[in-house]
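It should be emphasised that the depicted structure is a prediction, and the values quoted were computed from it without experimental measurement. Order of appearance sets the numbers: ligands from 1, and atoms from 1 within every ligand.
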Amino acid sequence: MKILAIESSCDETAAAVVESASNTKAKLLSNVISSQVEIHAQFGGVVPEVAARSHIEVIIPVIEQALKEAHSNWDDIDTIAVTRGPGLIGSLIIGVMTAKTLAISKNKPLIGVNHIWAHAFAAFLTDNQPSFPFLALTVSGGHTTLSLYEQSLSRKIIGETLDDAAGEAFDKVAKLLGLPYPGGPAISAAAENGNEDAYNFPTANLGKDSFDFSFSGLKTAVLRQVLEITGVNPGAKYTQKSYRLDEQTVNDLAASFQKAAVKALVKQTQKAYLQFQPKSVVVGGGVACNSYLRTKLTQSIPGAIFVPPVLCTDNAAMIGALALQMAEKDLFTKPQNLLADSSLYII
Ligand code: KG4
Ligand code: ZN
């Protein structure tokens with residue numbers, strides 16, 4: 001089975017060709033990603049209208065490039081897969097409409113894929129295959145979930161963020177510190193030269209039975225610390241231009257924030273691991289690129305499987321990896337029934 005997969009849920013236009021290998025393993029034949037990061041960086045975050053228009057411009061060339069790099073043509077493709085949600089509705093519609101049109105015109109079966117599920121299934125593209133049932137920590141710009149996945153492709157969400165997603169917290173704190181978008185890599189780089197014990201930031205305590213996350217208190221604590229250091233009156237009207245932080249202070253704040261955010265992620269994941277005793281633990285999504293998280297989580301759960309960084313941030317290979325397993329279970333959709341769903345949750 002060879003699948004052409006398409007992803008356009010946020011600010012990356014991506015296409016990939018994946019093929020089933022032995023057992024659950026998926027072989028990656030091509031993985032083309034056209035990122036809009038530079039376009040959105042000047043606005044300090046993703047502008048949905050701009051994102052949708054950029055997808056229209058590049059989606060066909062990106063698909064053609066993915067086929068070319070996979071040394072494949074349409075006759076070699078058995079199925080088309082596409083992200084149907086969650087994400088920005090204007091962005092999703094471009095991918096879904098493109099996939100539906102191609103499925104009809106090339107006469108191929110179609111699979112609609114949940115983007116959040118797919119982040120964890122990127123692990124099936126590597127040599128280190130997860131075993132079912134597995135626990136997945138999915139940490140991205142829009143979502144933070146702890147889920148249990150069964151071989152039957154049923155998924156139980158056992159914990160999620162009550163407010164900001166982990167990546168969103170990195171992005172917002174980076175903005176506060178005057179670091180560029182996207183904030184995760186910028187915080188991680190600044191933290192390398194910072195003292196993680198310089199400031200004592202809190203991690204949310206949501207009770208011993210909870211596997212949820214909360215990052216808004218941590219974000220507010222960083223803001224309060226910044227205002228205290230710079231002497232800006234919290235009651236006054238201020239913007240990031242009202243204060244200036246020196247480089248070492250930024251590095252120390254970044255390292256201390258990262259320590260608290262990662263502590264929360266590790267604590268809840270380890271608690272879930274001990275309670276549910278899954279066969280594997282998988283960590284995926286953009287924040288899983290973070291090397292401090294990789295180190296700390298591996299110390300707590302030595303066999304944890306991290307999706308490789310290139311497959312952590314948004315890509316179509318992960319959509320194809322999940323679609324291969326969906327195809328085995330006949331989870332195809334008629335093109336006329338496939339709709340983009342910006343708040344797609346469970347399936
Ligand atoms: O999975 P992703 O590409 O997009 C969504 O589905 O949201 O994740 C993007 C998020 C951004 O918030 C970005 O700041 C964060 O992943 N990120 C990181 C790192 N690299 C990307 N966060 C922390 N450390 C990193 N090294
Ligand atoms: Zn994502």
Return yes if a side-chain donor-acceptor contact under 3.5 Å exists between [X] and [Y], otherwise no.
X: T83; Y: E7; answer: yes
X: Q129; Y: T24; answer: yes
X: D246; Y: T249; answer: yes

I want to confirm something. Looking only at heavy atoms, which of [options] is nearest to [atom]?
atom: atom 26 (N) of ligand 1; options: N290, I187, T313, N315; result: N290
atom: atom 23 (C) of ligand 1; options: A261, A118, G184; result: G184
atom: atom 21 (C) of ligand 1; options: S291, G286, P309; result: G286

Could you see which bit of V287 sits under 4.0 Å from ligand 1, with heavy atoms only: side chain, backbone, both or neither?
-> both

Can you tell which part of H119 has a heavy atom less than 4.0 Å from ligand 1: side chain, backbone, both or neither?
-> side chain

At a 4.0 Å cut-off, with the gap strictly under it, does some heavy atom of [X] reach an atom of ligand 1?
X: H143; result: no
X: C10; result: no
X: C312; result: yes

Hey, is ligand 1 close enough to E12 that some N/O pair sits below 3.5 Å?
-> no

So, does N23 use its side chain to make a donor-acceptor pair with the main chain of A21 at under 3.5 Å?
-> no

Under the 3.5 angstrom rule, does the side chain of K271 hit a backbone N or O of K208 as a donor-acceptor pair?
-> yes

Atom name of the N, O or S atom in D314 that lies nearest to the Zn ion (ligand 2) = OD1

What do you reckon, is CD of Q42 surrounded by more than 12 foreign heavy atoms closer than 6.0 Å?
-> yes

Close side-chain approach of S9 and D314, heavy atoms under 4.5 Å | yes

Please work out the angle at the Zn ion (ligand 2) defined by atom NE2 of H115 on one side and atom NE2 of H119 on the other, rounded to 10°.
-> 100°

